[in-house]
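Read the structure below first, then the notes.
All values reported here derive from a predicted model rather than from experimental measurement. Numbers here are sequence positions counted from 1.
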Amino acid sequence: LWKIFNGRKKEGEHFRVFPISNWTELDVWLYIQHEQLPLPSLYFAHNRKVFFRGGSWYADEGILKLKANEKPEERRVRFRTIGDITCTGAMESEATTVAEIIHELRTLRITERGFRIDDKRSEAAMEDRKKTGYF
């Protein structure tokens, strides 16, 4: 990479390189499987107290205020991403191994970000975050 950009960089200019930014969620899990990387149990399906909102299950941890029609219940879920508990949704799942997650991903028709509350606020939520420097 240095050879490509050496001599083209201007004073005060910076390059940012994101080597896996074009990987899919499936690519990441296939890499995890190939390298046999250990993972925290939170990535796998487990029974958890959750409530349903906007097409996703959210952890009932007392942080998000439940609406009148929302009732906590125990479900077997897994989180496709681990992040801010106020916007990260879970999906119903039985996947307790990396191989089971890979199988599950090959049949899903909703992206990982489809389970996030903040992405449902607007059609351009991701682009809005890019503009403000989130990425």
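Between Ser93 and Ala45, the shortest heavy-atom contact is O-CB, 3.3 Å. When all heavy atoms are compared, the tightest approach of Phe44 to Val98 is CE2-N, 3.6 Å.
Side-chain atoms of Glu104 never come within 3.5 Å of backbone atoms of Glu100 as a donor-acceptor pair (strictly under, hydrogens ignored). Under a 3.5 Å cut-off, the side chain of Lys65 and the backbone N or O of Gly62 do not form any donor-acceptor pair.
Between Trp57 and Phe79 the shortest side-chain heavy-atom distance does not fall below 4.5 Å. Contact of the Leu66 side chain with the Pro72 side chain is registered, since non-hydrogen atoms from C-beta on lie closer than 4.5 Å. Side-chain contact check for Arg53 versus Lys67: some heavy-atom pair is nearer than 4.5 Å. Inter-residue side-chain proximity for Thr96 and Arg76 is flagged as met; some heavy-atom pair is nearer than 4.5 Å.
The local environment of CG in Asn47 is crowded, with over 12 non-hydrogen atoms from other residues, nucleotides or ligands closer than 6.0 Å.
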_Working note: Arg80 + Glu25, criterion salt bridge (Lys or Arg N to Asp or Glu O under 4.0 Å); need CA distance, chi angles, decisive distance, verdict._
CA-CA 9 Å; Arg80 290 174 69 186; Glu25 181 182 10; 2.5 Å; yes
*Chi angles and distances behind the side chain to side chain contact (heavy atoms under 4.5 Å, CB included) call for Trp29, Tyr43*: CA-CA 11 Å; Trp29 282 102; Tyr43 282 100; 4.1 Å; yes
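The CZ atom of Arg48 sits 13.5 Å away from the OH atom of Tyr58 when rounded to the nearest 0.5 Å. In this structure, CG on Leu108 lies 10.0 Å from CG on Leu26, to the nearest 0.5 angstrom. Going from atom NE2 of His34 over to atom CG of Asp27 covers 13.5 Å, rounded to the nearest 0.5 Å. Atom OG1 of Thr97 is separated from atom CG of Leu39 by 11.0 Å, given to the nearest 0.5 angstrom. Here the CD-CZ distance, from Glu70 to Phe52, works out to 10.0 Å after rounding to the nearest 0.5 Å. Rounded to the nearest 0.5 angstrom, Asp60 CG and Glu74 CD are separated by 11.5 Å.
Under the rule for a side-chain contact (heavy atoms from CB on, under 4.5 Å), His103 has no partner lying at least two apart in sequence or in another chain.
Of the candidates Glu92, Met91, His46, Met91 is the only one forming a side-chain contact (heavy atoms from CB on, under 4.5 Å) with Arg78.
Pairs of residues two or more places apart, or lying in two chains, never qualify as salt bridge (Lys or Arg N to Asp or Glu O under 4.0 Å) while including a residue from residues 28-42.
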